[in-house]
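So the structure is just underneath, and the comments pick up after that.
We're numbering straight along the sequence, starting at 1. As the structure is a computational prediction, the values presented were derived from the model and not from experiment.
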Amino acid sequence: MRQLPSQLSRRSFVAAGACATVASLGVLAGCATETAAAPEPKEEAPESAPEPASEPAADLADTGEENVIYIVDRLVAKPGEGKAVLDDFMANMKPLIEGAGWRFKRATVAPAMWLDTDSNIIEIEWTMGDIVQEAWAYSSGTRYNPEYVQWWTDIRDRLVSNDRVYSAPEGYMEVLNNV
């Protein structure tokens, strides 16, 4: 296994990989956004004929509901800073991220009480529908936005750590891996 140079952080490595993935997917922009044609209307069977049992959907990715990317921002606040960090995030960062195209799903706090002598873990969940369009929109809408950059700079002193995780439903993996 090849060792990474010590000056290359895990975050930089992941960011470079995400950019490369999004750039690769840009060539395939049509594959993630194609929709199936509307089904032909069926002729109704006579009332006396029994209705055939419906079979479960073979491919969840066809529904469109499963073609999303889930993002979780995990902020570990310094002791006593949990509520202030969450309030600041919701007031200042949430509108910037939503403006860049992601959809807010929910925010959760663990443990389920504000701590003065220990850290709260705040998880903010987002969804991104179209990996190609929305990843680029988010990247260009935040990376060079001075408000976004300044917020992360200012909040750094109030956090123990922060991380962002991207995930996708298993049914969407075939599309995402078809590069």
Side-chain angles (χ1 to χ4, degrees), residues 1-26 32 65-173 175-177 179:
M1 188 159 134
R2 186 175 171 197
Q3 289 289 341
L4 295 175
S6 60
Q7 70 270 18
L8 182 62
S9 70
R10 178 176 170 265
R11 185 179 270 319
S12 299
F13 181 77
V14 171
C19 289
T21 301
V22 171
S24 298
L25 289 173
E65 293 296 316
E66 293 297 315
N67 291 353
V68 296
I69 301 295
Y70 297 94
I71 304 103
V72 176
D73 284 323
R74 187 170 198 239
L75 310 173
V76 180
K78 285 188 176 176
E81 291 283 340
K83 181 160 179 35
V85 167
L86 179 59
D87 290 346
D88 192 357
F89 190 98
M90 298 303 277
N92 298 305
M93 191 55 109
K94 181 180 175 243
L96 292 173
I97 294 174
E98 286 177 326
W102 288 4
R103 284 165 298 290
F104 175 77
K105 188 172 179 186
R106 73 175 150 240
T108 58
V109 179
M113 62 188 302
W114 297 118
L115 302 175
D116 291 329
T117 59
D118 205 355
S119 295
N120 282 106
I121 300 168
I122 302 161
E123 291 187 343
I124 296 105
E125 298 178 41
W126 307 92
T127 59
M128 175 176 38
D130 183 314
I131 183 70
V132 176
Q133 293 176 349
E134 292 183 20
W136 279 113
Y138 173 80
S139 179
S140 61
T142 57
R143 180 171 295 159
Y144 303 109
N145 182 333
E147 291 176 70
Y148 181 86
V149 174
Q150 188 62 48
W151 190 88
W152 281 110
T153 302
D154 293 345
I155 200 75
R156 187 176 303 151
D157 293 335
R158 296 165 55 196
L159 298 177
V160 172
S161 67
N162 69 292
D163 195 27
R164 177 173 281 165
V165 176
Y166 297 82
S167 62
E170 184 274 332
Y172 194 30
M173 295 304 293
V175 172
L176 295 173
N177 290 302
V179 179

Residues forming a side chain to side chain donor-acceptor pair (under 3.5 Å) with R158, sequence neighbours excluded | E81, D88
Distance-minimising heavy-atom pair for D154 and Q150 | OD1-NE2, 2.6 Å
Rounded to the nearest 0.5 Å, what separation is found between the CG atom of L115 and the CD1 atom of I121?
-> 9.5 Å
For I122 against G82, the heavy-atom pair lying closest together | CD1-O, 3.3 Å
Looking only at non-hydrogen atoms, find the nearest pair between P79 and T117 and report the distance.
-> CB-C, 3.7 Å
Using a 4.5 Å cut-off on heavy atoms from C-beta on, say whether the side chain of I155 contacts that of N162.
-> no
For the atom pair CE (M113) and CG (D118), what is the distance rounded to the nearest 0.5 Å?
-> 10.5 Å
In Å, rounded to the nearest 0.5 Å, how long is the span from CH2 of W102 to CD1 of I97?
-> 6.5 Å
Heavy-atom closest contact (M90 atom, P95 atom, distance) = O-CD, 3.6 Å
Give, for atom OH of Y148 and atom OG1 of T153, the distance between the pair rounded to the nearest 0.5 Å.
-> 11.0 Å
Heavy atoms, side chains only, cut-off 4.5 Å: are M128 and I71 in contact?
-> yes
If you measure from CG on D73 to CG on D163, what distance do you get to the nearest 0.5 Å?
-> 9.0 Å
Can the ring centres of F104 and W126 be said to be less than 6.0 Å apart?
-> yes
State which residues pass side chain to side chain donor-acceptor pair (under 3.5 Å) with K83; sequence neighbours excluded, sorted by chain then number.
-> D87
With rounding to the nearest 0.5 Å, note down the distance linking CD in E98 to CZ in R103.
-> 10.0 Å
Would you name the heavy atoms of A77 and V85 that are closest together and state the gap between them?
-> CB-CG2, 4.1 Å
State, to 0.1 Å, how close K105 and T127 come at their nearest heavy-atom pair, and which atoms those are.
-> CD-CG2, 4.3 Å
State, with a plain yes or no, whether a side-chain heavy atom of F89 is found less than 4.5 Å away from one of L75.
-> yes
Kindly indicate whether the side chain of N120, heavy atoms from C-beta on, has any atom under 4.5 Å from the side chain of W114.
-> yes
